[in-house]
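Contents: one structure, followed by commentary.
Basis for what follows: all heavy atoms, side chains included, without hydrogens, waters or symmetry-related copies. In each ligand, atom 1 is the first atom listed, and ligand 1 is the first ligand listed. We count residues from 1, following the sequence as given.
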Amino acid sequence: MNLLVTAGPTREPIDPVRFLSNRSTGKMGFAVAQAAAEAGWAVTLVAGPVALPTPPGVRRVDVTTALEMLAAVERELPACDVFVSAAAVADWRPEASSPVKLKKAAMGGTLRLVPNPDILKTVRPLKGARRFVGFAAETGEPTAEAARKLREKGLDLIVANDVTAPGAGFAVETNRVTFLFPDGRREALPLLSKREVAQKLIERLPCL
Ligand code: CTP
């Protein structure tokens with residue numbers, strides 16, 4: 001069985017030295033890739049710019065921008081049985097990216113942005129019998145927003161977490177998450193290492 005997972009942030013260039021991005025480190029998505037490989041899945045990991053080693057046995061495709069991540073997902077999706085979208089895709093990108101460093105005097109105080117595509121929604125027509133898993137990183141009680149995203153993105157499972165809760169969020173080794181399923185079932189997990197969260201997620205896949 002083949003599993004495709006995205007991880008990390010995307011980086012949206014303003015010019016060769018400046019970019020828009022977010023605080024994702026890729027730890028959760030890389031843990032999913034590792035747990036899946038250890039459980040015998042053939043794993044393709046589409047990774048944004050992160051400072052993490054490739055887990056053993058995982059095929060890695062590096063990308064930088066959201067548009068590059070979308071293109072990689074569209075290319076890799078047909079061969080997968082499960083798609084886990086753990087990446088923190090930048091929702092906006094600069095309208096134009098300069099090939100040369102912009103001089104501050106020429107920049108003014110306004111940066112014009114255009115929306116990036118929603119990767120999960122864009123590839124939804126290609127879903128077929130595949131299982132799609134998403135993540136919802138919220139600040140504050142996450143399950144209401146996660147339930148909305150589960151429905152709107154047509155997912156089979158969403159992993160909700162409050163990134164501001166103690167032991168959860170960016171650049172830490174632990175996470176406290178709730179799994180939400182389309183039939184309304186919820187499973188609140190205790191504080192676990194990201195590795196253990198990933199293992200629990202992989203264990204749930206055959207039941208989706
Ligand atoms: N996602 C995606 N493409 C985007 C943004 C998000 O595929 N352009 C995926 C993420 O990988 C995650 C899920 O959608 O699995 C939820 O992402 P999140 O950032 O929590 O939600 P958004 O859809 O960006 O909504 P909002 O900004 O309103 O919270």
Can you check whether Gly140's main-chain N or O pairs, donor with acceptor, with Asp162's side chain at less than 3.5 Å?
yes

Return a yes/no value for Glu138: is any of its N or O atoms, backbone included, closer than 3.5 angstrom to an N or O of ligand 1?
no

One finds that the ligand 1 atoms under 4.0 Å from a non-hydrogen atom of Ala136 are 20 (O)

Just let me know how Asp91 lines up against ligand 1, side chain, backbone, both or neither, with a heavy-atom cut-off below 4.0 Å.
side chain

Electrostatic pair Lys200:Glu187 at N-O distance under 4.0 angstrom
no

Minimum-distance protein heavy atom relative to atom 7 (O) of ligand 1
Leu120 N, 3.0 Å

Candidate pair Leu205 and Asp156, rule side-chain contact (heavy atoms from CB on, under 4.5 Å), full reasoning:
CA-CA 9 Å; Leu205 296 180; Asp156 300 287; over 6 Å; no

Heavy-atom nearest option to atom 15 (O) of ligand 1, drawn from Ala90, Ser85, Ala137:
Ser85

Any chance you could measure Leu150, atom CG, to Leu157, atom CG, to the nearest 0.5 Å?
8.0 Å

Where is the nearest protein heavy atom to atom 13 (C) of ligand 1: which residue, which atom, and how far?
Phe135 O, 3.2 Å

Contact region, Ala87 to ligand 1, non-hydrogen atoms below 4.0 Å, reads backbone

Can you list the steps and then say if Ile119 with Thr6 is a side-chain contact (heavy atoms from CB on, under 4.5 Å)?
CA-CA 10 Å; Ile119 295 176; Thr6 61; 5.8 Å; no

Hey, does Pro117 sit under 4.0 Å from ligand 1 if you only count heavy atoms?
yes

Quick one: look up the protein heavy atom nearest atom 4 (C) of ligand 1 and list residue, atom name and how far away it is.
Val89 CB, 3.5 Å

Looking only at protein heavy atoms, which one is nearest to atom 28 (O) of ligand 1, and how far off is it?
Arg148 NH2, 3.9 Å

Glu145 contact mode with ligand 1 (heavy-atom cut-off under 4.0 Å):
neither

Closest non-hydrogen protein atom to atom 18 (P) of ligand 1, residue and atom name please, with distance?
Lys149 NZ, 3.6 Å

Around atom 6 (C) of ligand 1, find the nearest protein heavy atom and jot down its residue, atom name and distance.
Lys153 NZ, 3.8 Å

Check the pair Val123 / Glu74 against side-chain contact (heavy atoms from CB on, under 4.5 Å), numbers first and verdict last.
CA-CA 7 Å; Val123 300; Glu74 286 178 325; 3.9 Å; yes

Checking side-chain polar atoms at under 3.5 Å, does Gln199 have a donor or acceptor matched by the opposite partner on Glu203?
no

Please check if Val89 and Leu77 belong to a single hydrophobic cluster, counting links between Ile, Leu, Val, Met, Phe, Trp and Tyr side chain heavy atoms closer than 4.5 Å.
yes

Has Lys153 got a side-chain atom pairing as donor or acceptor with Arg124's backbone, closer than 3.5 angstrom?
no

Backbone or side chain, does any N or O of Asn116 fall under 3.5 Å from an N or O of ligand 1?
no

Begin from the C-alpha positions of Val5 and Trp41 and carry the test side-chain contact (heavy atoms from CB on, under 4.5 Å) through to its verdict.
CA-CA 12 Å; Val5 54; Trp41 291 76; over 6 Å; no

Step through the shown structure and confirm whether more than 12 heavy atoms of other residues, nucleotides or ligands are within 6.0 Å of CZ on Arg148.
yes

What is the nearest protein non-hydrogen atom to atom 2 (C) of ligand 1, stated with its residue, atom name and distance?
Ile119 N, 3.5 Å

If the cut-off is 4.0 Å to any non-hydrogen atom of Gly134, which atoms of ligand 1 fall inside it?
15 (O)

Please classify the Lys121 to ligand 1 contact at 4.0 Å (heavy-atom distances, strictly less than): side chain, backbone, both or neither.
neither

